[in-house]
K.L.:
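My structure is below; once you've seen it, I'll send some questions.
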Amino acid sequence: MGLGLLASKALKPTASRLLSSQNPRSLLFLSRTVTSTPELQKPEQAAQAQPEPTPDLPPRTPLAGARVHFPNPDDAIEVFVDGYPVKIPKGMTVLQACEVAGVDIPRFCYHSRLSIAGNCRMCLVEVEKSPKPVASCAMPALPGMKIKTDTPIAKKAREGVMEFLLMNHPLDCPICDQGGECDLQDQSMAFGSDRGRFTEMKRSVVDKNLGPLVKTVMTRCIQCTRCVRFATEVAGVQDLGMLGRGSGEEIGTYVEKLMTSELSGNVIDICPVGALTSKPFAFKARNWELKGTETIDVTDAVGSNIRIDSRGPEVMRIIPRLNEDINEEWISDKTRFCYDGLKRQRLNDPMIRGADGRFKPVSWRDALAVVAEIAHQVKPEEIVGVAGQLSDAESMMALKDFLNKLGSNNVWCEKNGMFHDADLRSGYLMNTSISDLEKADVFLLVGTQPRVEAAMVNARIRKTVRATHAKVGYIGPPADFNYDHEHLGTGPQTLKEIAEGRHSFSSALSNAKNPVIIVGAGLFNRKDKDAIFSAVEAIAKSAKAVRPDWNGLNVLLLSAGQAAALDLGLVPESENCLESAKFVYLMGADDVNLENIPKDAFVVYQGHHGDQGVYRANVVLPAAAFSEKEGTYENTEGCTQQTVPAVPTVGDARDDWKIIRALSEVAGVRLPYDTLTAIRSRIKTVAPNLLHVDEREPATFSTSLKPQSNQELSSEPFGTAIENFYMTDSITRASKIMAQCSALLLKK
Amino acid sequence: MSFSLRSVKVPPNSASLEEARSRVFDFFREACRSIPSVIDMYNLDDVVTVSRLRSTIASEIRKNSHITDPKVIDMLLFKGTEELNNVLEHAKQRHHLIGQYVVGRQGLIQDIGTKDQGISNFLKNFYTSNYF
Amino acid sequence: MKRMGPRLLSEQPRPAQTPRRGPVSNPVRFFSYNSGRLGHRGREEAPNSLRSLSLSFHFVVVSRNWDWVSKMLARLAASRFLEIRQVFRQPSRSFSTALNYHLDSPDNKPDLPWEFSAANKEKVKEILSHYPSNYKQSAVIPLLDLAQQQHGGWLPVSAMNAVAKIIEVAPIRVYEVATFYSMFNRSKVGKYHLLVCGTTPCMIRGSREIEDALLKHLGVKRNEVTKDGLFSVGEMECMGCCVNAPMITVADYSNGSEGYTYNYYEDVTPKRVVEIVELLRKGEKLPPGTQNPGRIKSGPEGGNTTLLSEPKPPPCRDLDAC
């Protein structure tokens, strides 16, 4: 009855089917469904209501409320799980069918995003008419199958497997980091027997050195091979393998090789036991003392969903959250390990640089008074504001309003440089959303190395290339890719050739059903960027990449604040305003070329780290970092997300927009908003899509509306936008873990 | 000798609100008259002025101005007198007084000062903390 | 030769670990369960039941006289514990003579260049032609075998990398195969790698004595190479000559991959095996097969007692018998 509803709801594609059941941190295994059904209690009634499911059966919803996707509704088959009929799409395995029916089957080696291995044998269930219990993760569900998960055979199988697994497993729970979130612990409590019969000596295994991020205690490994499959399939680096055989099997790299992949931290989440754990987080905290806050990552433009685990005022670790559209279940190493930069080099007091060049801490009153005074002494056209990479939309709105009230319109976001075209959103967003990249069959990457710029986008491209053997053409300096690609050229000349159809790749583009062209935001700083963009648009037109149902022309942005900045209109009025500025307001902007600022300009730096901007600043106003404020960020595909404060601000720091609002009042040009809702309603008048949180707003008009540019393409080859993947913004530059990674893991 | 005058052997028992009120005023007068000797005893000359301490005492009393039950007022008075006795008997020390009656009373200064007259609540809260 | 289970950390080359441990707090455990297993060593020892009896006696007396008894107990337990450790210290069954991870040594480093010889390159092409062109990785085992023969009986890391490049897979996949199979030696072996079968039929016919004789004669331990680099001894699984037990086989790596032979020498005795070794040392080639002059192949000594005449035809053929 409830299942009819379920079957007819062919909802959004493959959303979180196995939501928190795949999250090893959930204790879902302990909350198993009740095994005594009313049928057993009232046999007469069950016998009466035979033809259809008895109304007494408790309604079964899929595990964790996940949605089931029927790609072909006619192909649905019906199986019986513990006597309860359930409709599933054809091709699902027995384990997935049980999950649709709401029954959680224990497993170690199965992971919904990896290939099926079937070597842990924990998922054994009894199937009628089968002589032995079957591995439900590998057995496809056939129509009319009667699956029984709570019979003595299934239970005995689970207890037996658990006993075997625990035989060689060391008694490390007190010293193991995974304690409290360990699959083995949870499942042995729920499904194992209470005693073992092993009295021999346990084997032990040598620990392998995988780098400064992943701590290995290989004795605890239960040889589920999830890490091996992750490394080959998702991360694309074939480093790990299962060496040896029998109980002496070891997971390792054979030769001493560090895991240099940018997704290497995800094996920490994947490993069900404490064999692979986080080295920076080793022995720091237990998971039950941590408070998890669901927020957004800002180290790159992808906006991966994360959960910040904090204990008191300190961020202890960062864990990924499931978001099918953006980052699935993975996050890059930079996202995962940048948190210790939040504890170093923090600005916590307003400071004014005295006459001797040294900073003196002052009160907010005095600092704001000084800034306001200077702001009134300079001419409006000499006032310049630069928003930083990590600025949220509220503070950028406040900055623009404030500077406009002072008479200046020279505000921009630092990574955008002199990019003026904020009119058409399709000109600076990833129009093919990240999840739609899976539908593409040809990729053309122009001047962008997605592996270092947006690791999650790269993972998605790799997923597509692996699934459909999509072609990838790359124009730019020689770079490392973890999938097969053709290196077409290094500069704009190749682009011209492809646009004119002279290159061999043009035929691949024109024959493609869903071509995708990705332009990197590192090109924003080139002189000939207009020519490059028109060349790219010409290619898109000839390849029919921009259609009503598919827009394959994308720009991959570099930092979290760029998209929101362009949506809010932070575009500078004059080109070289920085060179002639007398009052420069840097809101977290460290990557601006500080040499360009004249020596007599008065620089105010408002940020959270004492990075490069502070060296040139005259006044320092401490602000809150992303983990301490509630801010709106828009990612490169146009999806608006909000961060949530996880820890309190450091010292005397304030939220960015509050500082600007206070400054405006002290300067006499009071901004009209006092609260977060007020500033958000102000944003609504400018860019209403920034209020629709967790929704992706696609661009309305395509770039064909742009007038043609007559610029000439220069012959300078494309450069790399990001030299060092691990150190790109003020937080990562202050982080010790990132410093270790860049010393050890970067390919020299 | 001062304690014999001030120590209340029997807690006050006011019949009506007006009586309680007048007792409060008497107590306030008493306290204010003893301020100079307090400053002298604890060497608070450089730390605080008489008028400041007076306003502090006034604000403490004003904090409870909303109470209407005479018995409660009596109880508060008793407590106040007890506190005053402690101070005068030198049962407290300098740092107690500074901590309890001098520091953290900027509100008073702000009320007196002129530069903060026209600022908004936002700015006032901004200067105190990030969370408001 | 007993079947030892998983390898212990103590077996692997680590900095010397102290074998001494303090008095065990629960000595009873070591006695009751292990008694059956440890009896297979063939050593003369007091029946374990007696020991456990005496211990339980001690245990009872404990309450009275803790100090004196505890010392006795501790000594007993420690000695027993050492016995157990000795049992485990026997080299476990690591036929591949190496560990599951690579340690750099001067002649085994990933940056040492390694290539198939010109003649072997032809063989490689021939091997690859046995498999479909999009499944080149199926050729990993024959190619590794060829590489092992070429390199004198063992596979350096660079050889495995070279094979990986030929079959176009990541090197780790080749490492996985090479560590799985024990016949791929990943550390040096002698030019003549002597393998003694240790499975039950050979064992009851005295393969342990054969191995002891070899080891004593050559003065090496199992999986070690002699000083002149000519011989090494290892244990092997059943090679199918159970009728001619005990047997050894000689993997002859002295002539590279062209002259590679893998010959069985069956019906050996400790004396004969030493003779074989000496003949090999001089460089002579012995005929493989049974070393018992009285036997013909697998036949019994003194000639066959069955199959003395032509076999009877099947009944349907014997037209006269219908």
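Throughout, protein chains are lettered first and strands after them, A, B, ... in sequence-line order, and every chain is numbered starting at 1.
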K.L.:
By the definition side-chain hydrogen bond (donor to acceptor under 3.5 Å, both in side chains), identify the one residue from A:D655, A:D674, A:D656 that meets it with A:R661.
P.N.:
A:D674
K.L.:
Between B:E83 and B:K92, is there a side-chain N and carboxylate O pair less than 4.0 Å apart?
P.N.:
yes
K.L.:
Heavy-atom distances under 4.5 Å only: say whether A:P645 touches chain B with side chain, backbone, both or neither.
P.N.:
neither
K.L.:
By a 4.5 Å heavy-atom criterion (distance strictly below it), what part of A:A624 contacts chain B: side chain, backbone, both, or neither?
P.N.:
neither
K.L.:
Side chain, backbone, both or neither: which part of A:I659 has a heavy atom under 4.5 Å from chain B?
P.N.:
both
K.L.:
Hey, are B:E18 and B:R21 close enough for a salt bridge, meaning a charged N less than 4.0 Å from a carboxylate O?
P.N.:
no
K.L.:
Please tell me whether B:F122 and B:F132 form a close aromatic pair, meaning their ring centres lie under 6.0 Å apart.
P.N.:
yes
K.L.:
Measuring heavy-atom distances to chain A, does B:S129 have an atom under 4.5 Å in its side chain, in its backbone, in both, or in neither?
P.N.:
backbone
